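Worksheet for the structure shown next.
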Amino acid sequence: MSFGAQIAWDDTVLPFQLDRSDIRGRVARLDTALERVLARHTYPPAVEALVAEAALLTAMIGQTIKLRWRLSVQVRGSGPIRLIATDYYAPTEDGAPARIRAYASYDKDRVAPDGPAFEQIGKGYFAILIDQGPDMTPYQGITPIAGTSLSDCAEAYFDQSEQLPTRFELSFGRTILPGQPEKWRAGGVMLQHMPQASGTSPRAAEGIAEDWSRANLLLDTVEELELVGPNVQPPELLLRLFHEEAPRVFDPQAVHFGCSCSEDKVRQSLSIYSAKDISTMTTPEGTVTADCQFCGAHYIMDPVTLGFEARGNDD
């Protein structure tokens, strides 16, 4: 495969449907977008792997939903890895990329840098929040931490909260391609039952179950290098796995790293505080500072311009 073909499929989510089954899915590849997510922080390897897995899951889940604004995934636990948070922002117009960001919060003194990653989350919950924008009520679904991976948690979420059998097969890690530096790559396949119509007959339900079982058996044959690429393009992978199921692909969705933070949003978040409150946030240097946990942006502001008693800059 040419280098150009590799680039064409990096940082994309390819929707597909198995026409001989009642199943839809996504093939995702993250490369530069994932590198930019992880480059914002210096995570221990165990934390880095969880952020990579969460970002890949979020890209696939976000693309399945008719999203107008943002889908967020949060994993909170009692262990040394306390929080994994991701956001997927829908494209703002036809042909535009979706945007993704992610970060983790962890206890540096307790985390085992090279230890089993998922076990260090502990007990907690896996949540998906869908925010369709102003004047819309956000949706939130929560399920307990389950299984042995974030993929298992996502599958449990769809089974319990959405009653949609769902399967994820993911691969991610640092890779070295000929002539290129070591970098993160991630790839995966998502399978999901199409919602069933009410009144489905027992015979039809049995056939649907057989289709689902067969598709999962076929997905079991996938190899990790096929998932992350770059030698196998997503359409070729689908034909290799599901050619007897008549896979049909749709337009791929580009996914880029992107953060929604800005100084205006920081100022807006501080607008509920009085001048006295703002004074408690002021540094010895006479400024108020704020850092974005996702992208690492650092904002420095004059305290007299903040809060509902702000005087402005020209007093």
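Along the sequence shown, the residues carry numbers beginning at 1. Just so it is clear, the model here is predicted, and its values are computed rather than measured.
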Heavy-atom donor-acceptor pair, [X] side chain to [Y] backbone, under 3.5 Å:
| X | Y | value |
| --- | --- | --- |
| Thr221 | Leu218 | yes |
| Arg20 | Glu244 | yes |
| Arg267 | Ser262 | no |
| Gln253 | Ala96 | yes |
| Ser213 | Glu210 | no |
| Asp11 | Ala33 | yes |
| Gln74 | Ala127 | no |
| Arg82 | Ser78 | no |
| Gln132 | Lys66 | yes |
| Ser21 | Leu18 | no |

Heavy-atom distance under 4.5 Å between the side chains of [X] and [Y], does that happen here?
| X | Y | value |
| --- | --- | --- |
| Val75 | Leu150 | yes |
| Ile208 | His193 | yes |
| Cys292 | Cys259 | yes |
| Val73 | Phe126 | yes |
| Tyr88 | Arg101 | no |
| Arg36 | His256 | no |
| Pro165 | Trp212 | yes |

Between [atom1] on residue [X] and [atom2] on residue [Y], distance to nearest 0.5 Å:
| X | Y | atom1 | atom2 | value |
| --- | --- | --- | --- | --- |
| Leu237 | Glu223 | CG | CD | 10.0 Å |
| Leu306 | Asp277 | CG | CG | 12.0 Å |
| Gln192 | Leu164 | CD | CG | 5.0 Å |
| Ser149 | Glu119 | OG | CD | 12.0 Å |
| Ile23 | Asn216 | CD1 | CG | 7.0 Å |
| Tyr43 | Ile81 | OH | CD1 | 11.0 Å |

Of all the heavy-atom pairs spanning [X] and [Y], show the shortest one and how long it is.
| X | Y | answer |
| --- | --- | --- |
| Ala290 | Met301 | CB-CE, 4.3 Å |
| Ala52 | Phe172 | CB-CD1, 4.3 Å |
| Cys261 | Ala297 | SG-CB, 4.0 Å |
| Pro303 | Val288 | CB-CG2, 3.9 Å |
| Val51 | Ala102 | CG1-CB, 3.9 Å |
| Ile84 | Ala54 | CG2-CB, 3.5 Å |

[atom1] of [X]: more than 12 outside heavy atoms within 6.0 angstrom?
| X | atom1 | value |
| --- | --- | --- |
| Tyr273 | OH | no |
| Glu309 | CD | yes |
| Ile142 | CD1 | yes |
| Glu224 | CD | no |
| Glu182 | CD | yes |

Taking 4.0 angstrom as the limit, do [X] and [Y] come out as a salt bridge?
| X | Y | value |
| --- | --- | --- |
| Arg185 | Asp10 | yes |
| Glu236 | Arg240 | no |
| Asp31 | Lys183 | yes |
| Asp220 | Arg167 | yes |

- Item | Ile145 vs Phe118, side-chain contact (heavy atoms from CB on, under 4.5 Å): CA-CA, chis, key distance, verdict | CA-CA 10 Å; Ile145 296 291; Phe118 184 77; 3.5 Å; yes
Co-membership, hydrophobic cluster, residues [X] and [Y], 4.5 Å side-chain:
| X | Y | value |
| --- | --- | --- |
| Tyr89 | Phe257 | no |
| Phe242 | Phe168 | no |
| Leu225 | Trp184 | no |
| Ile61 | Leu129 | no |
| Leu191 | Ile128 | no |

- Could you go through the side-chain contact (heavy atoms from CB on, under 4.5 Å) check for Leu227 and Val222 one step at a time? CA-CA 7 Å; Leu227 292 172; Val222 74; 3.8 Å; yes
- Of the options Thr282, Asp302, Ile300, which is the one that meets Thr287 in a side chain to side chain contact (heavy atoms under 4.5 Å, CB included)? Ile300
- Message: Pro234 and side chain to side chain contact (heavy atoms under 4.5 Å, CB included): which single residue from Val13, Leu14, Val189 fits?
- Response: Leu14
- Query: Run the side-chain contact (heavy atoms from CB on, under 4.5 Å) check on Lys265 and Ser260 step by step: do they pass?
  - Reply: CA-CA 9 Å; Lys265 289 185 178 180; Ser260 64; 3.4 Å; yes
Verify the distance criterion only: is there a donor paired with an acceptor across the side chains of [X] and [Y] at less than 3.5 Å?
| X | Y | answer |
| --- | --- | --- |
| Tyr125 | Thr143 | no |
| Arg26 | Gln63 | yes |
| Ser151 | Glu53 | yes |
| Gln293 | Tyr103 | yes |
| Gln233 | Trp9 | yes |

- Task: I would like to know whether Val27 and Phe16 meet side-chain contact (heavy atoms from CB on, under 4.5 Å); could you show each step before the answer?
- Result: CA-CA 8 Å; Val27 181; Phe16 68 90; 3.8 Å; yes
